[in-house]
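Input: a single structure, listed below in structure tokens.
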Amino acid sequence: MEDACFSCLNCAGEACEYETGENPPQCVQGLVTDEVHEEVHGRYADPENHRIMKAAVMTSERCSNLTRVQETIEFAYRLGARKIGIATCTMLVEESRTLRKLLERAGFQVFGVACKVESNHRDDLDLVLEDGKRGSVLCNPIMQARLLEQAGTDLNVVMGLCVGHDTLFYKHSHAPTTTLVTKDHITGNNACAGLYASKTVYRRRLNETIQACRDQTLPRA
């Protein structure tokens with residue numbers, strides 16, 4: 001059986017969570033060899049990973065009664081972080097200021113960097129698109145990560161960075177990173193609404209994007 005069949009998204013069971021002992025034949029756990037098991041568990045034994053996981057477990061025990069903001073504050077505290085970095089989209093600076101105030105009230109130092117730092121344009125980063133225009137000011141996620149590293153942050157929080165820009169930030173962040181806000185212009189930053197809407201009349205709009213990918217009519221990077 002191909003690995004593609006071993007997908008939790010193809011499983012209707014809940015044996016892994018409730019330990020019923022009735023895992024289906026195609027359960028992803030079947031891909032976990034003894035070698036892979038030992039390798040992964042060894043990574044959890046790494047002091048830094050162990051510290052993060054312990055703080056996460058302690059926080060997640062109460063997640064059903066906490067907002068994401070509360071979870072973030074408690075996680076940072078349990079992690080032993082002293083200085084929190086906020087990598088924010090310029091469109092969420094006001095929300096990031098509110099977060100800063102809450103974190104400072106909880107006893108943390110806070111340093112934030114907005115995405116448009118340096119005011120780069122396409123030609124500054126040797127990016128040439130089909131329209132040939134200089135375009136508007138670009139986001140600068142790698143610089144955000146670098147400045148937060150320079151500031152000595154212990155934990156970074158992403159506030160609404162664009163898809164792809166967040167990828168570069170996560171890749172270059174020196175400190176552990178968590179996400180508080182995922183930006184979504186259409187749904188008021190409630191990204192799951194796009195999934196729920198896929199079962200409503202909005203699916204017609206969604207299908208336009210899907211079909212453009214299937215037809216390969218979208219320009220590639």
Side-chain angles (χ1 to χ4, degrees), residues 7-12 14 16-17 28 52-53 55-57 59-76 79 84-103 110 112-117 135-145 148 153 155-173 175-221:
S7 172
C8 291
L9 305 185
N10 295 334
C11 177
E14 298 175 328
C16 56
E17 181 172 5
V28 167
I52 293 172
M53 190 61 179
V57 168
T59 302
S60 65
E61 288 291 325
R62 301 196 327 116
C63 69
S64 62
N65 294 312
L66 301 176
T67 65
R68 182 85 179 192
V69 172
Q70 290 174 285
E71 280 192 83
T72 300
I73 294 172
E74 289 200 8
F75 174 68
L79 195 63
I84 310 297
I86 298 179
T88 183
C89 169
T90 53
M91 297 184 68
L92 281 97
V93 167
E94 192 57 40
E95 290 83 351
S96 293
R97 287 172 179 154
T98 300
L99 176 62
R100 179 198 65 196
K101 293 176 183 177
L102 294 172
L103 288 169
V110 182
V113 182
C115 60
K116 298 301 175 66
V117 60
S136 57
V137 173
L138 298 177
C139 296
N140 196 352
I142 297 179
M143 183 58 74
Q144 286 179 286
L148 292 177
T153 57
L155 174 70
N156 291 331
V157 179
V158 167
M159 289 286 289
L161 298 187
C162 296
V163 173
H165 298 156
D166 57 359
T167 303
L168 283 172
F169 181 84
Y170 299 136
K171 181 177 181 180
H172 291 275
S173 175
T177 301
T178 188
T179 300
L180 180 59
V181 177
T182 53
K183 182 174 63 184
D184 190 319
H185 296 288
I186 302 300
T187 66
N189 301 324
N190 176 14
C192 270
L195 300 177
Y196 306 143
S198 69
K199 301 176 182 179
T200 70
V201 292
Y202 188 80
R203 67 181 180 275
R204 297 177 183 174
R205 295 288 302 277
L206 178 60
N207 285 340
E208 292 175 5
T209 300
I210 293 173
Q211 195 60 46
C213 290
R214 291 175 61 90
D215 295 340
Q216 299 183 30
T217 57
L218 291 176
R220 298 278 191 177

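Numbers here simply count residues along the sequence, with the first being 1.
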Compare all side-chain heavy atoms of [X] with those of [Y] and state whether any distance is below 4.5 angstrom.
| X | Y | result |
| --- | --- | --- |
| F169 | I142 | no |
| L180 | V69 | yes |
| V113 | I86 | no |
| L92 | K183 | yes |
| T179 | V157 | no |
| L103 | I73 | yes |
| H172 | P141 | no |

Measure the [atom1]-[atom2] distance between [X] and [Y] for me, rounded to the nearest 0.5 Å.
| X | Y | atom1 | atom2 | answer |
| --- | --- | --- | --- | --- |
| N140 | H165 | CG | NE2 | 9.5 Å |
| S60 | F75 | OG | CZ | 10.0 Å |
| D166 | Q144 | CG | CD | 10.5 Å |
| Q70 | T59 | CD | OG1 | 11.5 Å |
| M91 | K116 | CE | NZ | 8.5 Å |
| T88 | E94 | OG1 | CD | 10.5 Å |

Any side-chain donor paired with an acceptor under 3.5 Å for Q211 and N207?
no
Going by atom types alone, do D184 and T187 pair a side-chain donor with an acceptor below 3.5 Å?
yes
Working for side chain to side chain contact (heavy atoms under 4.5 Å, CB included), residues L66 and E74:
CA-CA 10 Å; L66 301 176; E74 289 200 8; 3.8 Å; yes
Return the minimal non-hydrogen interatomic distance between [X] and [Y], and the atom names on each side.
| X | Y | result |
| --- | --- | --- |
| C8 | V28 | N-CG2, 3.4 Å |
| L161 | C89 | CD2-N, 3.8 Å |
| P176 | I52 | CG-CD1, 3.7 Å |

Step by step, would you call R62 with E71 a salt bridge (charged side-chain N to carboxylate O under 4.0 Å, His left out)?
CA-CA 8 Å; R62 301 196 327 116; E71 280 192 83; over 6 Å; no
More than 12 heavy atoms of other groups within 6.0 Å of I210 CD1
yes
For L79 and L155, run side chain to side chain contact (heavy atoms under 4.5 Å, CB included): C-alpha distance rounded to whole Å, both residues' side-chain angles, the deciding distance at 0.1 Å, then the answer.
CA-CA 9 Å; L79 195 63; L155 174 70; 4.1 Å; yes
Is the backbone N or O of A175 less than 3.5 Å from a side-chain atom of S173, with the two atoms forming a donor-acceptor pair by type?
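Side chain of S173 to backbone of A175, a donor-acceptor pair under 3.5 Å: yes, one is there.
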Quick check: does any side chain N or O of R205 sit under 3.5 Å from a backbone N or O of Y202, one acting as donor and the other as acceptor?
no
